[in-house]
Amino acid sequence: MTDGTPPQETQADRERVVRDRLDKVDALRARGVEPYAYSYDPTHGAADALALFAEAGEGEGAEEIAVRLAGRVVSKRDMGKSTFAHLADRTGRIQLYFRVNQLGDAYGLLDLVDLGDWLGAAGVLFRTRTGEVSLRVDELTLLAKSLRPLPLGKEETDAATGERIVHSGFTDVEARYRQRYADLAVNPAVRDVFVLRAKAVTALRRFLDDRGFVEVETPVLQPLYGGALARPFTTHHNALDTRMYLRIADELYLKRLIVGGMERVYEISKDFRNEGLSRFHNPEFTMLEFYAAYFDYRDVMRLTEEMLHAVAVAVAGGPQVVREGQTIDFTPPFAEYTMYQALREIGGVDVEAGGEDALREKVRGLGVSAAEVATMGRGKLIDELFGALVEPRLIQPTFITDYPREMSPLAKPKRGDAELTERFELIVAGKELCNAYSELNDPIDQRSRFEAQARYAAAGDEETQPVDEDFLRAMEYGMPPTGGFGMGIDRLVMVLTGQPSIRDVILFPVMRPE
RNA sequence: GGGCCGGUAGCUCAGCCGGUAGAGCACCCGACUUUUAAUCGGAUGGUCGUGGGUUCGAGUCCCACCCGGCCCA
């Protein structure tokens, strides 16, 4: 707690469980056992030990396999002069077997060991009468005493399917997000999500590094925000006595690097948008952006297909990702529609027929209030229709191209139709995943786009791109034709893991203070 | 911001027409030297999200608020 209010603990929590365990800490010290060790040197992980036993074979003349394991006690069955427990580490879990005539005096230590304690255990692997490969412990070392009971469920293994069933586990979503440490400790599948996330990010880095991209770091704390249409977080720098913003995108700084001749750059980092929370939105989220000189959006499209294919192969073993009830296939080429085409063929709306009033009418039909519709320009209206009628129906990776100019102040006009831009978004599993353009490199056009945005802002739009004079100065030095790309890593991980909420792929999602 | 659902023991949940709070697991004590949701016996544990109101009496009914989930905007 950081707000000064005392922790809300029940009497039971404080006085019974915690105090019992504090007494055990004293009892351990009285026996000369330090309950908080400095280090331990395990020889194997639990899963490695089990694999080793399976490899070595059993039966007459088989050699005894001695190992040292470390982990957290997650179950304990005390049978008097012998005790069974399970030890869980990052690789899995293994049963421990303790016998009084094996351990002698040390057996008594088990009375002071609780679920949640960290333990080192050395001994020999064997198979129990009921068939579970286990460690017969010859020496146990307490590594850390747990004072607070973990919300561990009871586990059983279904005899028929071998499936693990958890009873009365830790399922309250609010508690799981607020106490992610407990969630991770008792729900190993949650750890798997974050391990996969790390693998996906590694695969992205490798893909880009292999193609000559340079990973860079640009400011999170900025004197002016930009690169996306969103509201920023503001803060204040005391020494400079100036307002600063947390970035909403990396784009404008990465393009300055293209001006500087870096030619291929990328950045993976947190962006911040001061907006509501939802299943798809966390105020801070992770973005990958890359920029490549001499590319147009078509080149970026091809690279996107290759990159997502590579990531799927790296984390799922193949181009197909199986989620609940559906398979998403990242085998190139991905489907492609223009925005108008998608609205017509998938959404059943012809936005080119009739004027802006006709569009307003259609958006009204979605249930948007008249007042809100009145403030929307043509681009915003089309965006609304697309989000409601088309996006949710695009499950397989699908490129949408030709966005209206008004919605894309940093994109080049489309060759042959200046009302559109050379831009695509990639929709996967019913949500926008990537956004890319042929980057606008005409400083004169860029200035007029900024000025148009300023007019929208004056008209009351709170999500506009402010004029960035320093960025314009950079552009005036000359930016080569460039393809740019952005992708929400959190959403990518949602797709790859089939998690339904962005909070399930962010370790510590934003929560209202307790 | 709106609608719906939820918040009761450490965890997972019951609690009917309003009558003074329950289960399983965990925890504590005891028994048990191959158990595995171990088993058996016993004990402890509650500001029923918060604050008001109605009532002889509120976990239950009413109002406001807080926290969360889903859907919508």
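Order of the sequence lines fixes the chain letters, A, B, ..., with proteins taken first and strands second; residue numbering starts at 1 for each chain. Excluded from the calculations below are hydrogen atoms, water molecules and symmetry mates; all remaining heavy atoms, backbone and side chain alike, are included. Quantities reported herein were computed from a predicted structural model and do not represent experimental measurements.
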A:E156 or A:V100, whichever maps to the more 5' nucleotide of RNA chain B: A:V100
Between A:L115 and A:E132, who's closer to the 5' end of RNA chain B by nearest nucleotide? A:L115
Are [X] and [Y] close enough for a salt bridge, meaning some N to O gap below 4.0 Å?
{"X": "A:K76", "Y": "A:D114", "answer": "no"}
{"X": "A:K24", "Y": "A:D111", "answer": "no"}
{"X": "A:D26", "Y": "A:R29", "answer": "no"}
{"X": "A:E419", "Y": "A:R405", "answer": "no"}
{"X": "A:D89", "Y": "A:R72", "answer": "no"}
{"X": "A:R273", "Y": "A:E284", "answer": "no"}
{"X": "A:R393", "Y": "A:E391", "answer": "no"}

For [Y], does its backbone N or O pair with a side-chain atom of [X] as donor and acceptor, under 3.5 Å?
{"X": "A:T130", "Y": "A:T128", "result": "no"}
{"X": "A:R93", "Y": "A:A46", "result": "no"}
{"X": "A:T286", "Y": "A:S269", "result": "no"}

Syn or anti for B:rC25, please, going by whether the chi angle lies within 90° of 0. anti
For [N] and [M], measure between their [atom1] atoms and round to the nearest Å.
{"N": "B:rC29", "M": "B:rC16", "atom1": "P", "value": "36 Å"}
{"N": "B:rG42", "M": "B:rU50", "atom1": "P", "value": "33 Å"}
{"N": "B:rC48", "M": "B:rU33", "atom1": "P", "value": "44 Å"}
{"N": "B:rA58", "M": "B:rG19", "atom1": "C1'", "value": "10 Å"}
{"N": "B:rG46", "M": "B:rU8", "atom1": "C1'", "value": "8 Å"}
{"N": "B:rG41", "M": "B:rA26", "atom1": "P", "value": "14 Å"}
{"N": "B:rG49", "M": "B:rG59", "atom1": "C1'", "value": "12 Å"}
{"N": "B:rG15", "M": "B:rC27", "atom1": "C1'", "value": "24 Å"}

So what does [X] hit on the nucleic acid, given a heavy-atom distance under 4.0 Å: a base, only sugar-phosphate, or nothing?
{"X": "A:T171", "result": "sugar-phosphate"}
{"X": "A:K24", "result": "sugar-phosphate"}
{"X": "A:G276", "result": "nothing"}
{"X": "A:D114", "result": "sugar-phosphate"}

My understanding is that a pair needs two contacts under 3.5 Å, Watson-Crick or G-U wobble. By that rule, which nucleotide pairs with [N]?
{"N": "B:rU39", "result": "B:rA31"}
{"N": "B:rA73", "result": "none"}
{"N": "B:rC16", "result": "none"}

How close or far is atom [atom2] of [N] from atom [atom1] of [X], stated in whole angstroms?
{"X": "A:L112", "N": "B:rC27", "atom1": "CG", "atom2": "C1'", "value": "15 Å"}
{"X": "A:M79", "N": "B:rC40", "atom1": "CE", "atom2": "C1'", "value": "12 Å"}
{"X": "A:R21", "N": "B:rG10", "atom1": "CZ", "atom2": "P", "value": "14 Å"}
{"X": "A:D111", "N": "B:rG30", "atom1": "CG", "atom2": "C1'", "value": "12 Å"}
{"X": "A:D78", "N": "B:rU36", "atom1": "CG", "atom2": "C1'", "value": "14 Å"}
{"X": "A:L150", "N": "B:rU12", "atom1": "CG", "atom2": "P", "value": "13 Å"}
{"X": "A:R148", "N": "B:rA9", "atom1": "CZ", "atom2": "P", "value": "16 Å"}
{"X": "A:E155", "N": "B:rU35", "atom1": "CD", "atom2": "C1'", "value": "16 Å"}

Taking the six-membered ring for Trp, is the centroid-to-centroid distance between A:F126 and A:F53 below 6.0 Å? no
Between CG of A:L152 and OG of A:S168, what distance do you get to the nearest 0.5 Å? 11.5 Å
Is there, by distance only and without an angle test, a donor paired with an acceptor across the side chain of A:S82 and the base of B:rU34 below 3.5 Å? no
Where along residues 85-99 of chain A does a heavy atom fall under 4.0 Å from RNA chain B? A:H86, A:Q95, A:Y97, A:R99
What nucleotide among B:rC32, B:rU34, B:rU36 has an atom nearest to a side-chain atom of A:F84? B:rU34
Think A:R77 has a side-chain N or O under 4.0 angstrom from the OP1 or OP2 of B:rU35? no
If you compare every side-chain N and O of A:K154 against the phosphate oxygens of B:rA26 (OP1, OP2), does one of them come in below 4.0 Å? yes
For every nucleotide of nucleotides 68-73 of chain B, 5' to 3': is a protein heavy atom under 4.0 Å from its base (B), only from its sugar-phosphate (S), or from neither (-)? SSSS-S
